[in-house]
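Because the structure is predicted, anything quoted here is derived from the model rather than measured. Quick note: numbers below take in every heavy atom, side chains included, and nothing from hydrogens, waters or symmetry partners. In what follows, chains are A, B, ... by sequence order, proteins preceding strands, each numbered from 1.
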Amino acid sequence: MNKKIWIALILLGLLAPFVVYPVFMMKLLCFALFASAFNLLLGYTGLLSFGHAAFFGGASYITGHLVKNSGLTPELGVLGGTLFAGLLGYLVGSLAIRRQGIYFAMVTLALAQIVYFVALKAPFTGGEDGLQGIPRGDLFGFIDLNQVYSVGGNPVALNLYYFVFVLFCLGFWIIHRTIHSPFGQVLKAIRENEPRAVSLGYKVERFKLMAFVLSAALSGMAGSMKSLVFQLASLTDVSWHTSGEVVLMTLLGGVGTVLGPLVGAFTVVTLQSELSSVGSWITVIIGVTFVICVLLFRRGVVGELGRLLKKSL
Amino acid sequence: MSDYILETKKLSKEFKGFTAVSAVNLKIQRGHIHALIGPNGAGKTTVFNLLTKFLIPTAGTIHFNGTDITGEKPADIALRGVIRSFQISAVFPNLTPRENVRLALQRKLGVSYHFWKSDSILKQLDGRAMELLEDVGLAEYAEEITGELAYGRKRALEIATTLALDPELMLLDEPTQGMGVEDVDKITALVKKVSANRTILMVEHNLKVVATLADRITVLQRGAILAEGPYAEVSQDPQVLEAYMGSAHD
Ligand SMILES: Nc1ncnc2c1ncn2[C@@H]1O[C@H](COP(=O)(O)OP(=O)(O)O)[C@@H](O)[C@H]1O
Ligand SMILES: [Mg+2]
């Protein structure tokens, strides 16, 4: 994709906390990374997981636990959460990839429900209340992530914001690299015609499993970031609602496009925060938006745009 | 090494009590173009699926170059140098023909699991990919979207992709099916050309193609072998004439 678009996006991200409400912006970055990681699996490998909240939420608990109860620095907390999600992804993936289509989705959903159950019952997760008051701590032991700076008269935790932004860029770059790697090329082949990929000698189960682990680990990274931003790891993060939300974001923005998940996450997170006053109607509004978008733009917003411009975005 | 590159003994497949392939003893001589013919539903595609392990045989054994490969997985069979095409054209529709062929070439590079590397290292394969496309007359379509190519070109691309792996044994399932006369002639010439230095087993309905290409023919009927031998011999076999050729000839 065009270099200029990238530079513009990075500048936008760097300047955002001076213009937009920073917590909103950080939430957006977390979900944008989550949706991009999910898209690596659905869009580029052709696997629909319905249990990705297990990785997102699971990692947010682990990070919360590591920094709150074990006193680790935030970057190690994020690393721990990410590794945990990758490992969990290996377990779930190993069991699920033998199944095809809807059965694959059902296995991932069932396993994610087990993770939900563990989060509800385990001693360190805080049950219904979740893990509250997670400290942000000092990055590398000396950069205070709670430090606020006055931006236009408002206190803004800029250190935290830029930490989250750098993590997002790192995660997004890994996804982008994976898609445009020799490995990504084989993933596309599997998505396009699995028997043919097999007949060319590719052990597709290994490729799928690797993609699953990568996607799970990066979803976990997003969850870890979220637990530091909101200082909270809760049951919502591991619930099937969250699994559904990430499917929605990805489809809305455009599955199999690089920018689609960003647009999808932006749309959903914005709707949620703008409409938080209308209470439970929000689910209906997001649902209707989703239906309209799917009817109007079958390839998602970015997918349709790409088709108009005859470019892959 | 024996003269036979591939040998099956009593190869059988049942689908829920229905015997699709029944005790097939197939011997393919090295260097031959061997044709597998027979009426629709005779079990030809099923034999291909058994040989490449896309289906698991109910009974019988498969030997390739003297090694028992009956228990191996499809990808392992491919790694041994047995590459198949499919009856319904098997391409990667949203990639370009160049990328299609490159995917076959890529395996030898040993970087297929390297998700941290840029795919620009695949550029070194473009030259070879273009040569192969040239061979099947697709060079000028190298950058189109494969899904939008005409049917005959997709089949040609499939052959180019299969050839990219330089298979020792190539299995072609009805390569000329659904093609116009012109394309049939092109594919026939192409198969003849690529048969040098390798063995080909092909399923083919068009008897003119079979007569032109095949060194040996096996006739399958209701899952079992009805006759086997050179074209001239088999085409005179009264049983075969009655079962199959009689109606198919003019
Ligand atoms: N996966 C399957 N399950 C059940 N029956 C099958 C399956 N595959 C093939 N068959 C049956 O086996 C028979 C042989 O099919 P096939 O090998 O495709 O024939 P051919 O390629 O000679 O036309 C047919 O009657 C077909 O219906
Ligand atoms: Mg067939």
Checklist line | Contacting region of Leu122(B) [heavy-atom separation from chain A under 4.5 Å] | finding: side chain
Check: What distance separates Tyr202(A) OH from Tyr113(B) OH, expressed to the nearest 0.5 Å?
Finding: 9.5 Å
Next item on the list: Among the options Ser112(B), Ala78(B), Pro167(B), pick out the one with the most heavy-atom pairs lying under 4.5 Å from chain A.
Entry: Ser112(B)
Check: What distance do Phe86(B) atom CZ and Arg196(A) atom CZ have between them, rounded to the nearest 0.5 Å?
Finding: 6.5 Å
Notebook entry, point to check: Does Leu308(A) CG have over 12 foreign heavy atoms under 6.0 Å away?
Noted result: yes
Margin query: With a strict 4.5 Å heavy-atom criterion, list every residue of residues 32-46 of chain A that contacts chain B, or say none.
Written below: none
Next item on the list: Step through the shown structure and confirm whether more than 12 heavy atoms of other residues, nucleotides or ligands are within 6.0 Å of CZ on Phe15(B).
Entry: yes
Item checked: Set of salt bridge (charged side-chain N to carboxylate O under 4.0 Å, His left out) partners for Lys226(A), sequence neighbours left out -> Asp237(A)
Check: Of the listed residues (Leu109(B), Asn100(B), Asn94(B), Val82(B)), which shares the most heavy-atom pairs with chain A below a 4.5 Å separation?
Finding: Asn94(B)
Margin query: Rounded at 0.5 Å granularity, tell me how far CD in Glu192(A) sits from OG1 in Thr146(B).
Written below: 8.5 Å
Check: Looking at Ile83(B), Ile121(B), Leu171(B), Thr162(B), which makes the most heavy-atom pairs under 4.5 Å with chain A?
Finding: Thr162(B)
Check: Given a strict heavy-atom distance threshold of 4.5 Å, which part of Thr161(B) is in contact with chain A: side chain, backbone, both, or neither?
Finding: both
Margin query: So, taking the atom named CZ in Phe115(B) and the one named CD1 in Ile175(A), what distance separates them when rounded to the nearest 0.5 Å?
Written below: 11.5 Å
Item checked: Contact origin within Leu187(A) toward chain B - heavy atom pairs under 4.5 Å -> neither
Margin query: Once rounded to the nearest 0.5 Å, what's the spacing between atom CG of Leu105(B) and atom CG of Leu200(A)?
Written below: 10.0 Å
Item checked: Gap between atom NZ of Lys188(A) and atom CG of Leu95(B) - 0.5 Å precision -> 7.0 Å
Checklist line | Atom of Pro182(A), atom of Gln106(B) and distance for their closest heavy-atom approach | finding: O-NE2, 2.8 Å
Item checked: Shortest non-hydrogen separation from Val198(A) to Phe54(B) and the atoms involved -> CG1-CZ, 3.8 Å
Next item on the list: Pick whichever of Ala164(B), Pro74(B), Ser118(B), Ala104(B) has the most heavy-atom pairs under 4.5 Å with chain A.
Entry: Ser118(B)
